[in-house]
Structures are given as C-alpha cells and as structure tokens.
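The structure under discussion appears below in the form of structure tokens.
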Amino acid sequence: MFASEKVRRTIEVVFVISCVVVSGFTQAAPIATNTALPLSDEELIVRQQLVVARSSGRPGAQTQIDRLESRTVFGYGVTSRLALFSVLPVVQINRDFGNVNDSEFGLGDAALFARYEVFRADKPGRTVRIAPYAGIRVPTGRDGKTGDGSVDFFGGIVATVASTQWVLDSQVRYDDNREADGFKRGDLVTLESSFQLRLAPAQVVFDTKGFVFGVIELSATKSERNRVGGVIDPNSGGFQLSVTPGIQYSTRRWIADFGVKLPLVSDLNGSALESDFAVLTSIRVNF
Amino acid sequence: MKYRILIMAFVGLITNAALADDVQYDIRVDGITCPFCVATSERELKKIDGVHAVGANLETGTIFVCADSKVEFTDSQLKQLFLDKGFTYRSFTKGAGCSIAENESEE
C-alpha cells in the first residue's frame, strides 16, 4: 500500500516537473484566464500555466495556505467559430494552521468547456468578437483534498476588441457549484477585464516577428457562502477585487506571459481566508 | 574556364527565368491584429502547391503571397480560407515578380 502510494506520488511529481520544464524551454490574451484564447478552424493550442498563490487569515489568525498549481490547457478549433477546451490542473497545497501543518499533492478538478463565437466584425488591423461559453468541472481531484468531489457547471460570455496596438478582453462568468459528500462550495459571479497594450515594437514593419505587450487585468468576484452538511459556513464567501499587472511576448508560434495578481479589495465573510498574491506564468504554442 | 563561364551563364539564365515566372498576390484581410494571428493563415497558404513565401503587413491588413505563375487564386477560395482561419477576406491584386524573400515568413 505504502509502495504504491509512493509510486503514484513519484509519477505525479515527474508530471509536474515535466510540465514546468516544457514551459521553461519553449495574440495577446488574458494572463489569468483561458476563455478568451483565440482559435481558428482545425487549430490546436497548448498552454502550460504555472500559478503560485498564497492566502492567509486575518492578522493574528496564524493561518496560511500556499498553493502551487500547474495547469495544462488544450484548445482545439472545431470550426472557425466553435472551440473546445480542457484544463487539467496538478496542485500542491500546503496548509499552515500555526501548530498544525499538512500538505496535499495530486490532480485537481479538470474542466471542459466549449465556446461559440456569435459575433465578429473585422476591419483592417482591428476586430471585435463576442462568444458565450459553457463548461463542466469534473471531480478528478481527491475529494476534500485536491478537489471538491462535485460535478460543477459554469458559463459566461467573453468579448474581445483588438487592434494592432492593444487588445481588450472582458468577460462575465457564473459558477454553479454542486454538493458532494455534504460540502457545497458557494456559487460565484466573476467580472474580469484584461487590457493588453503593445509596448514594442513602436512601429509594425513588414517583417515584425513579435510583440511585447504590457498587461493590466481586473477581476471582481462575488461568492456565496459554502454549505457543510446543509449548514451555512459563516466564514466563507464574500467579495474580492484584484489587479494583475503583467507582461506578455507574442510571436507567430508561441506566446509567453507573466503577471502578479494582487488584492485591491477584500470584503469577505467572517474569518474567510484572504488572497495575498498569486504569481502567474504561462507559455502557449499553436499547432 | 570557358565551360565554367558557360555553365554559370546557363544557371543564371535559368534562375532569372524562374524568378521572372513568380507572381505576388497582395491579399487584403480584415481582423488580423498580431503575428500569432498571421501564423495560422500562413500555414494554410503554404499548403497550396506553388506557394513559396508568405508575409504580412498588420497595419494595412495585407498578406503577401509569393507563388509560381501557375498558382491562380479565386475570390471564393480565399474567402473560405480566411473565414476558416477566423478572418474576413476583402480582395486581392496580382503582380509579376516577388518583393518578399523566401525567408520572410520564417520565424
């Protein structure tokens, strides 16, 4: 039993390290989210994201949770308007409750979603696109440890306005979280905007190979309280507003980005943990 | 020495003839805003037999295609090609000779 657990953990560690190594060696879109990734007919993209995040309790609570997450994202353009995505996370969670520490490592809950472009208006060097999306999150993580154990649903609409100088992606999203084993995470409403401004080159010339974008993202999340055994957890849910400044380099075949998500406003219920920061980095390749 | 000069002249004539046979299509496409966007269309265009090189001017929304003179694009063909890649085809012009080098479209 012990040996098989050790083998499984070794495989998981190798998988995460592989992901990080791949991302180390290898059109502007948001840094924090994947719903606005551009895809055309029969195009495949692979995005490897690495997120390091810390949450902690109110001052004096001595509670801290560190989360390292590697997300492998596959996107495929079924047609020029319909795209399918999968997001497979592998997570390492370290909890520090003062005198008690524990950690979990393994697959997180995977997500699958489809996006359909309902509006497109193109001009020379400009475009406007609107696309609703819907998806499902399946309990591939360990129940109560690296995953929620529930089958959850989410949907939203994403709009993109782009020129050769800048890109603005905005979305509204609703997460309908379901109950599993007596636990139900609160539903979420999220509003997000990402503005990407071309910093270099100053002029686009015939053989421009790549763009450097400065990125600023805003994310507002309102979440309901969790329910445990049918009872509302008063120390959960609330409102959070965060900002993510970052940088992105875009070439014909790959895009790399880096950002740091910082809280601006945290109006959380009870003693719910507040997000301190999240460092996000990713590389995306199209095939 | 005479033979060498003759061979070089012959090769030069053949090369010039080949270049003279090339044509350039300047294709107006709307909605292309970044190098990443160009790549997908470029790959599709390069699948066409006789296409040598592809370049782009993002500011004007023009894609340049250097091809053999036997390559004949049509409006309906280009409209569908760029529609599949997520962009809007407008028009094209065709001219003799190529102003883009073979490696313009290389990463």
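Predicted model, so just to flag it, every value in this text is computed and none were measured.
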What's the verdict on side chain to side chain contact (heavy atoms under 4.5 Å, CB included) for Trp166(A) and Thr33(B), showing C-alpha distance, side-chain angles and the deciding distance?
CA-CA 9 Å; Trp166(A) 53 266; Thr33(B) 58; over 6 Å; no
Bottom line for Arg81(A): the part with an atom under 4.5 Å from chain B's heavy atoms is neither
Neighbour count above 12 (heavy atom, 6.0 Å) for Phe287(A) CZ
yes
Glu59(B) side chain near Gln165(A) side chain, heavy-atom distance below 4.5 Å:
yes
With the side chain counted from C-beta on, respond yes when Arg43(B) and Asn286(A) share a heavy-atom pair under 4.5 Å apart, and no when they do not.
yes
Contact listing (chain A partner; residues 79-94 of chain B; heavy atom under 4.5 Å)
Leu83(B), Asp84(B), Lys85(B), Gly86(B), Phe87(B), Thr88(B), Arg90(B)
Would you please go through residues 116-126 of chain A and name the residues with a non-hydrogen atom below 4.5 Å from one of chain B, in numerical order?
Arg120(A), Asp122(A), Lys123(A), Pro124(A), Gly125(A), Arg126(A)
